[in-house]
Student: 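Here it is, the structure in full.
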Number of protein chains: 2
Amino acid sequence: MRISARADYAVRAALMLAAKQDGPLKAEAIAEAQDIPHKFLEGILNDMRRGGLVASQRGVRGGYRLARPARDISVADVVRAVDGPLVSVRGVRPPELAYSGPAESLLPLWIALRANVRRILEGVSLADVASGHLPDFVGALAEDPAAWSNP
Amino acid sequence: MRISARADYAVRAALMLAAKQDGPLKAEAIAEAQDIPHKFLEGILNDMRRGGLVASQRGVRGGYRLARPARDISVADVVRAVDGPLVSVRGVRPPELAYSGPAESLLPLWIALRANVRRILEGVSLADVASGHLPDFVGALAEDPAAWSNP
DNA sequence: GAGATTTCCTATGTATTCGGTAGGGAAGTA
DNA sequence: TACTTCCCTACCGAATACATAGGAAATCTC
């Protein structure tokens, strides 16, 4: 289960926009601040615009800004805008799967996994992350030192 | 975040082995029962053998069996054996990431996400799935009808 | 030991995705 | 007009995903 570069970049760009509330921010400025290839980032910002997450303005005083308050955009919104469904199995979304025999209960397991990922990514807004204050039910998970070690 | 075909196939194969406790099971039999390309499955079973999850026996009475009791093998064990780390961001594991500016709290978010995925996949054994009785904290997630709908 | 069976190993192949680049057109501003 | 910035399309190399093929090595039965 990997978070793609696109998704990571998209969230970081969105966080930049969430932090700067006055006036638009240029793609180039975001690219430089977050060390993201700028042409690649342009495509990502475009996806977010199509997804209704950011608004853009061309010209010399142009750039990008969030289309909604940062509090109303979840990390899941951003990831979905650039990568499609949050969780898939072999490229298909869990409800479309069919298992037989001893694997029958595998489907509810994938469903539970997806529900859990959703709970996290839909429950955290850009404002939460940008402010450095994650919701308690998320922050608690990250405070466990064991969560930081690679087994 | 996608579960690869390898991982899905591997878990299903492992579940077949968990269900059949008497004697080994041939790759061909598993492939047929679970509709998995049989040569592809052979490679997957081989990875699991190298990972110490299954034992193999050649010859006419040969096949594969679990190397440990099904209760002592988690789904996470299987996924790791065939796909490496459970969760990665841009191909690197979260603790190796470095973020700056408003993205600083993104790292604990990915950590929390990973911790949650671990909680599920490490907390469920092959015996749990094969018996159709998921642990309560997982089953509860799958019982919510909302978890089954695609947004 | 002969022969059948099954795992094990290596090589090959193809399609897709991933991450990134390039160039220029459209729109807005001064 | 000149400049800036987003927008669009195309392309590209490498890696990955998902297999398939062919045989060598081990094991069992007879």
Side-chain angles (χ1 to χ4, degrees), chain A residues 1-13 16-17 20 23-32 34-67 79 82-85 88-92, chain B residues 1-13 16-17 20 23-32 34-67 79 82-85 88-92:
Chain A
M1 307 195 63
R2 87 142 50 179
I3 306 287
S4 70
R6 287 180 67 78
D8 184 56
Y9 291 166
V11 175
R12 284 156 65 189
M16 292 287 294
L17 298 179
K20 169 145 177 111
L25 207 51
K26 294 186 294 183
E28 179 66 45
I30 299 173
E32 201 157 329
Q34 289 292 328
D35 197 32
I36 301 171
H38 123 266
K39 280 302 229 176
F40 191 40
L41 177 62
E42 269 194 3
I44 291 168
L45 286 165
N46 232 303
D47 285 346
M48 288 201 265
R49 182 182 54 85
R50 289 200 193 90
L53 298 183
V54 309
S56 61
Q57 176 79 4
R58 299 197 238 204
V60 65
R61 280 259 178 251
Y64 296 88
R65 59 182 176 76
L66 294 182
V79 174
V82 300
D83 263 357
S88 70
V89 178
R90 281 181 285 134
V92 316
Chain B
M1 309 194 61
R2 89 142 49 177
I3 306 288
S4 70
R6 287 179 69 77
D8 183 57
Y9 292 166
V11 175
R12 283 156 65 189
M16 291 287 294
L17 298 179
K20 170 150 174 100
L25 208 50
K26 294 187 293 181
E28 179 65 45
I30 300 173
E32 201 157 328
Q34 290 291 328
D35 196 31
I36 300 171
H38 123 267
K39 280 303 228 176
F40 190 39
L41 177 62
E42 268 191 5
I44 291 168
L45 285 164
N46 233 302
D47 286 345
M48 288 202 265
R49 182 183 53 86
R50 288 199 194 91
L53 299 182
V54 309
S56 61
Q57 176 78 3
R58 301 198 238 203
V60 65
R61 278 263 178 249
Y64 297 88
R65 59 182 176 78
L66 294 182
V79 174
V82 299
D83 263 357
S88 71
V89 178
R90 282 181 285 135
V92 316

Student: Once side chain to side chain contact (heavy atoms under 4.5 Å, CB included) is applied, do any residues pair with A:Glu28, and if so which ones, sequence neighbours excluded?
Tutor: A:Glu32, A:His38
Student: In whole angstroms, how far is the P atom of C:dT21 from the CD atom of A:Glu28?
Tutor: 12 Å
Student: Identify all pairs in which a protein N or O lies below 3.5 Å from an N or O of nucleotides 23-30 of chain C, and state each distance.
Tutor:
from, atom 1, to, atom 2, distance (Å)
C:dG23, O6, A:Lys39, NZ, 2.6
C:dG24, O6, A:Lys39, NZ, 3.4
C:dA26, N3, A:Arg58, NH1, 3.2
C:dA27, O4', A:Arg58, NE, 3.3
C:dG28, O3', A:Gln57, NE2, 3.3
C:dT29, OP1, A:Gln57, NE2, 3.4

Student: I need the B:Leu25 CG to B:Ile30 CD1 distance, nearest 0.5 Å.
Tutor: 4.5 Å
Student: So which one's nearest nucleotide on DNA chain C is more toward 5', B:Lys26 or B:Gly91?
Tutor: B:Lys26
Student: So what does B:Gly43 hit on the nucleic acid, given a heavy-atom distance under 4.0 Å: a base, only sugar-phosphate, or nothing?
Tutor: nothing
Student: For a 4.0 angstrom threshold against heavy atoms of chain B, report the outermost contacting nucleotides of DNA chain D in 5' to 3' order.
Tutor: D:dC18 to D:dT29
Student: If I take atom CD1 in residue B:Ile44 and atom P in nucleotide C:dC8, what distance separates them, rounded to the nearest angstrom?
Tutor: 14 Å
Student: What is the distance, to the nearest angstrom, from the CG atom on A:Asp83 to the P atom on C:dC18?
Tutor: 7 Å
Student: Between A:Gly63 and B:Phe40, which has a closest nucleotide on DNA chain D that is more 5'?
Tutor: A:Gly63
Student: Test: side-chain hydrogen bond (donor to acceptor under 3.5 Å, both in side chains). Region: residues 51-65 of chain A. Which pairs qualify, not counting sequence neighbours?
Tutor: none
Student: What's the CZ-C1' distance between B:Arg65 and C:dT7, to the nearest Å?
Tutor: 14 Å
Student: Touch check for B:Arg90, heavy atoms < 4.0 angstrom, all strands: base, sugar-phosphate only, or nothing?
Tutor: nothing
Student: Residues in side chain to side chain contact (heavy atoms under 4.5 Å, CB included) with A:Arg6, at least two apart?
Tutor: A:Ser4, A:Phe40, A:Ile44, A:Asp47, A:Val82, A:Asp83
Student: Quick one: list whatever passes side chain to side chain contact (heavy atoms under 4.5 Å, CB included) with A:Gln34, sequence neighbours left out.
Tutor: A:Arg12, A:Met16, A:Ile36, B:Ser100, B:Pro102, B:Ala103
Student: How close do B:Gly62 and B:Pro24 get, heavy atom to heavy atom, and via which atoms?
Tutor: O-CG, 3.8 Å
Student: On DNA chain C, does the nearest nucleotide to B:Arg2 precede the nearest nucleotide to B:Leu45 from the 5' side, or the other way round? Give the residue.
Tutor: B:Leu45
Student: Distance check, rounded to the nearest 0.5 Å: B:Asp8 atom CG versus B:Arg2 atom CZ?
Tutor: 11.0 Å
Student: Taking atom CG of A:Leu17 and atom CG of A:Leu53, what is their separation to the nearest 0.5 Å?
Tutor: 10.5 Å
Student: Starting at CG of A:Leu41 and ending at C1' of C:dG19, how long is that distance when rounded to a whole Å?
Tutor: 13 Å
Student: Using every non-hydrogen atom in the two residues, find where A:Leu41 and A:Ala31 come nearest and quote the distance to one decimal.
Tutor: CD2-N, 3.6 Å
